[in-house]
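A quick write-up on the structure given underneath.
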Amino acid sequence: GLREELHIDEHDVGDVAFRMVALQSRHLNTALLGVARVNEPCEQLARRVLAGECHDFNNARSVPLSSAYDLFDDPCSDGSWHATARLRLHVAIALHDPA
């Protein structure tokens, strides 16, 4: 996944932790949720995604974890986040280790 979707080499992966399987029951859509720590700055990865270099990410957005809480607390949120994307963001916040 990391190599094919994000062009991240296996040597640049610190660790991967899978924590849950999500099921979006209306569509029977499943998602494996976890966090991969990589040796690449988020900004550099976001530039590649936004430039269209990662074909699996159409209309992608980059959100720093420091501002991610606002997405869930904002009652005026536009609702444009896919259900499993929101779950992935929840997992990333929960597993985030600032050290």
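Just so it is clear, the structure is predicted and the values come from calculations on it, not from any experiment. Positions are given from 1, in the same order as the sequence printed here.
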Is the closest side-chain heavy-atom distance between [X] and [Y] below 4.5 Å?
X     : Y     : result
Leu45 : Arg48 : yes
Ile8  : Arg3  : no
Glu10 : Asp12 : no
Glu40 : His7  : no

CA sep, side-chain torsions, deciding dist, call: Val16, Val35, side-chain contact (heavy atoms from CB on, under 4.5 Å)
CA-CA 6 Å; Val16 177; Val35 172; over 6 Å; no
Given the rule that I, L, V, M, F, W and Y join up when any side-chain heavy atoms are under 4.5 Å apart, are Leu23 and Val91 in one cluster?
no
Single-linkage hydrophobic cluster Leu50~Leu2, side-chain heavy atoms < 4.5 angstrom
no
Verify, without hydrogens or angle tests, whether Arg19 (side chain) and Leu33 (backbone) share a donor-acceptor contact under 3.5 angstrom.
no
Minimum heavy-atom separation for His11 to Asn39, with atom names?
O-ND2, 3.9 Å
